[in-house]
Colleague: 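Have a look at this one before I ask anything.
Residue indices begin at 1 and follow the sequence shown.
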Amino acid sequence: MSENEKAMEPEDLTRLFVERANAGDAAGLAALYEEDAVMAYPPGSTTVGREAIRHLWEKVLADAPHFEPENPLPTLVRGDIALTATPPKDGSGARAQVVRRQADGSWLRLIDQPEFRPPTG
């Protein structure tokens, strides 16, 4: 795993994600996920495992997208599990992650739903 800064609070994961994505650091992004994490991306499919997540981010970051920080919604914590979420700045839906406290006290993403849209109709 990367020697990058660790998320010592669940909310740190969002900040670290934006910093690493904007730096083009796919390995650093993957380090924010547990080894067997699942990510609902690309839309309509899932990516499972840190290595697959790293590979996905390498492809996404090849186009050098720019990510803007988003203000997190209140985090819901129960023991070593937390639910984090942010509303996208464009108001197009939401993002949500289930994160877990690690043995060293840091937090990693276990389940990541990076984008979903409100139901239509």
Colleague: Got a sec, which residues hit side chain to side chain contact (heavy atoms under 4.5 Å, CB included) with E58, two or more places apart in sequence or on another chain?
Modeller: A26, R54, H55
Colleague: State which residues pass side chain to side chain contact (heavy atoms under 4.5 Å, CB included) with P42; sequence neighbours excluded, sorted by chain then number.
Modeller: S45, T47, L56
Colleague: Would you mind listing the cluster partners of I81? Hydrophobic ones only (ILVMFWY), side-chain contacts under 4.5 Å, chaining allowed.
Modeller: V38, V48, L76, L83, V98, L110, I111
Colleague: Can D112 and Y33 be counted as having a side-chain donor-acceptor contact under 3.5 angstrom?
Modeller: yes
Colleague: Output all residues satisfying side-chain hydrogen bond (donor to acceptor under 3.5 Å, both in side chains) with N71, sequence neighbours left out; order by chain, then residue number.
Modeller: none
Colleague: Any side-chain to backbone donor/acceptor pair from Q97 onto V99? Under 3.5 Å, distance only.
Modeller: no
Colleague: Tell me, please, which residues at least two apart from R101 pass side chain to side chain contact (heavy atoms under 4.5 Å, CB included).
Modeller: D80, W107
Colleague: Could you pull out the closest heavy-atom pair between R20 and A31, with the gap in Å?
Modeller: NH1-CB, 4.2 Å
Colleague: Closest approach of K6 and L16, non-hydrogen atoms and distance?
Modeller: C-CD1, 3.9 Å
Colleague: For D36, enumerate each residue passing the salt bridge (charged side-chain N to carboxylate O under 4.0 Å, His left out) test, keeping only those at least two apart in sequence or located in another chain.
Modeller: none
Colleague: Is there a chain of hydrophobic side chains (I, L, V, M, F, W, Y, each step under 4.5 Å between heavy atoms) that links V60 to I53?
Modeller: yes
Colleague: Name all pairs fulfilling the ring-ring contact (aromatic ring centres under 6.0 Å, His included) condition that reach into residues 59-105, sequence neighbours left out, sorted by first residue then second.
Modeller: F17-F67
Colleague: Which residues satisfy the side chain to side chain contact (heavy atoms under 4.5 Å, CB included) test with T75, sequence neighbours excluded?
Modeller: P10, E11, V77, A82, T84
Colleague: Shortest non-hydrogen contact from P87 to L73?
Modeller: CD-CG, 3.7 Å
Colleague: So L32 and N4, side-chain contact (heavy atoms from CB on, under 4.5 Å) or not? Walk me through it.
Modeller: CA-CA 9 Å; L32 299 175; N4 290 312; over 6 Å; no
Colleague: State which residues pass side-chain hydrogen bond (donor to acceptor under 3.5 Å, both in side chains) with Q102; sequence neighbours excluded, sorted by chain then number.
Modeller: E34
Colleague: Going by the salt bridge (charged side-chain N to carboxylate O under 4.0 Å, His left out) test, which pairs reach into residues 60-78, not counting sequence neighbours?
Modeller: E70-R95
Colleague: Which residue pairs pass the ring-ring contact (aromatic ring centres under 6.0 Å, His included) test with at least one member in residues 73-94, sequence neighbours excluded?
Modeller: none
Colleague: Evaluate the side-chain proximity of R100 to L108: yes if any heavy-atom separation is below 4.5 Å, no if none is.
Modeller: no
Colleague: As a quick check of understanding, evaluate side-chain contact (heavy atoms from CB on, under 4.5 Å) for R15 and E9, giving each step before the final call.
Modeller: CA-CA 11 Å; R15 174 183 57 81; E9 299 294 332; over 6 Å; no
Colleague: Who passes salt bridge (charged side-chain N to carboxylate O under 4.0 Å, His left out) against E35, sequence neighbours left out?
Modeller: R50
Colleague: Are any of the side-chain heavy atoms of M39 and P114 separated by less than 4.5 Å?
Modeller: yes
